[in-house]
Amino acid sequence: MIDYQHQQHPHQPYAPQPQYAHPYQQPYQHPYQQQPYPQPLVVPEPVGDIRRVLSAVIDGAITLFAGFGLAHQLAGDKTVGLFWGYVAACFFGVSFVHHVLGAVIFRTTVGKFLLVTRVVRDADGGRPRFWQAVRRWLLGLTWIPLQPLLSVFGAEGELYEDACGLRNVRGKDLR
């Protein structure tokens with residue numbers, strides 16, 4: 001005969017719970033059971049001005065040389081006016097693909113990749129949205145050419161803080 005009273009420890013009212021054999025088997029959780037509060041989102045600090053300027057210079061050089069190279073391949077033996085039209089179209093096309101699609105798909109451009117920085121949303125540190133990246137690209141196209149003019153008139157223009165809800169952060173801060 002089996003004595004069930006002596007199988008359990010007297011101070012332990014329930015038998016130990018069995019270990020689950022498979023990692024996907026989880027114990028049942030009641031739907032109204034208290035869930036832990038979500039942790040606040042931690043968005044990394046933006047990178048310094050030197051990294052931002054260096055990545056902008058690298059990205060601008062890549063865009064410029066790729067735009068001229070593509071225009072030279074496409075224009076061939078066209079007239080000078082048509083060649084400069086190709087240059088403008090190729091420059092803006094390469095710039096759009098590089099800055100907008102690169103930021104949305106890869107979270108970085110070539111210049112930012114070389115300096116180990118990534119583009120994230122200010123709100124939650126997530127991947128940039130398409131229209132945010134387009135607004136940032138258009139702001140960059142207008143802000144950079146205006147800086148020499150602003151310096152001539154004495155306006156001390158600091159590096160613009162991103163008005164599009166995006167920021168550059170170090171890649172190691174995202175891990």
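Just so it is clear, the values below take in all heavy atoms, side chains as well, and ignore hydrogens, waters and symmetry mates.
- In terms of heavy-atom proximity, Ser95 sits nearest to Leu141 at OG-CD2, 4.3 Å.
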Subject >> Candidate pair Asp122 and Leu166, rule side-chain contact (heavy atoms from CB on, under 4.5 Å), full reasoning >> reply: CA-CA 5 Å; Asp122 271 339; Leu166 300 176; over 6 Å; no

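- Side chain of His99 to backbone of Arg136: no donor-acceptor contact under 3.5 angstrom is found.
- Considering only residues two or more places apart in sequence or on other chains, Arg129 meets the salt bridge (Lys or Arg N to Asp or Glu O under 4.0 Å) condition with none of them.
- Put simply, CG on Leu54 and CG on Asp49 are 11.0 Å apart, with the number rounded to the nearest 0.5 Å.
- Between Arg167 and Val43, the closest side-chain pair of non-hydrogen atoms falls below 4.5 Å.
- Inter-residue side-chain proximity for Lys112 and Arg118 is flagged as unmet; no heavy-atom pair is nearer than 4.5 Å.
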Could you tabulate the donor-acceptor pairs under 3.5 Å formed by side-chain atoms of residues 65-90, not counting sequence neighbours?
unit_1 : atom_1 : unit_2 : atom_2 : d
Thr79  : OG1    : Leu82  : N      : 3.4

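- In the displayed structure, Phe106 atom CZ is contacted under 6.0 Å by at most 12 heavy atoms of other residues, nucleotides or ligands.
- Taking Arg107 as the reference, nothing meets the salt bridge (Lys or Arg N to Asp or Glu O under 4.0 Å) condition, with sequence neighbours excluded.
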**OP:** Check the pair Leu138 / Val134 against side-chain contact (heavy atoms from CB on, under 4.5 Å), numbers first and verdict last.
**Re:** CA-CA 6 Å; Leu138 291 172; Val134 169; 4.2 Å; yes

**OP:** Test side-chain contact (heavy atoms from CB on, under 4.5 Å) on Arg51 and Arg170 and set out the steps.
**Re:** CA-CA 10 Å; Arg51 249 187 201 180; Arg170 295 184 305 179; 2.9 Å; yes

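- Val97 and Val110 are not part of a single hydrophobic cluster, where members link through side-chain heavy atoms under 4.5 Å apart.
- The minimum heavy-atom distance linking Phe113 with Thr108 is given by the pair N-OG1, 3.1 Å.
- Across every non-hydrogen atom of Val104 and Ala133, the tightest pair is CG2-CB, 3.7 Å.
- Side-chain atoms of Pro128 and Val119, non-hydrogen and from C-beta on, do get closer than 4.5 Å to each other.
- A 4.5 Å side-chain heavy-atom check between His98 and Ile62 finds at least one atom pair inside the cut-off.
- If you take OG1 on Thr63 and CZ on Phe96, they are separated by 13.0 Å, rounding to the nearest 0.5 Å.
- Among the candidates Val47, Leu115, Val57, the single residue satisfying the side-chain contact (heavy atoms from CB on, under 4.5 Å) test with Arg52 is Val47.
- A donor-acceptor contact closer than 3.5 angstrom links the side chains of Thr109 and Asp59.
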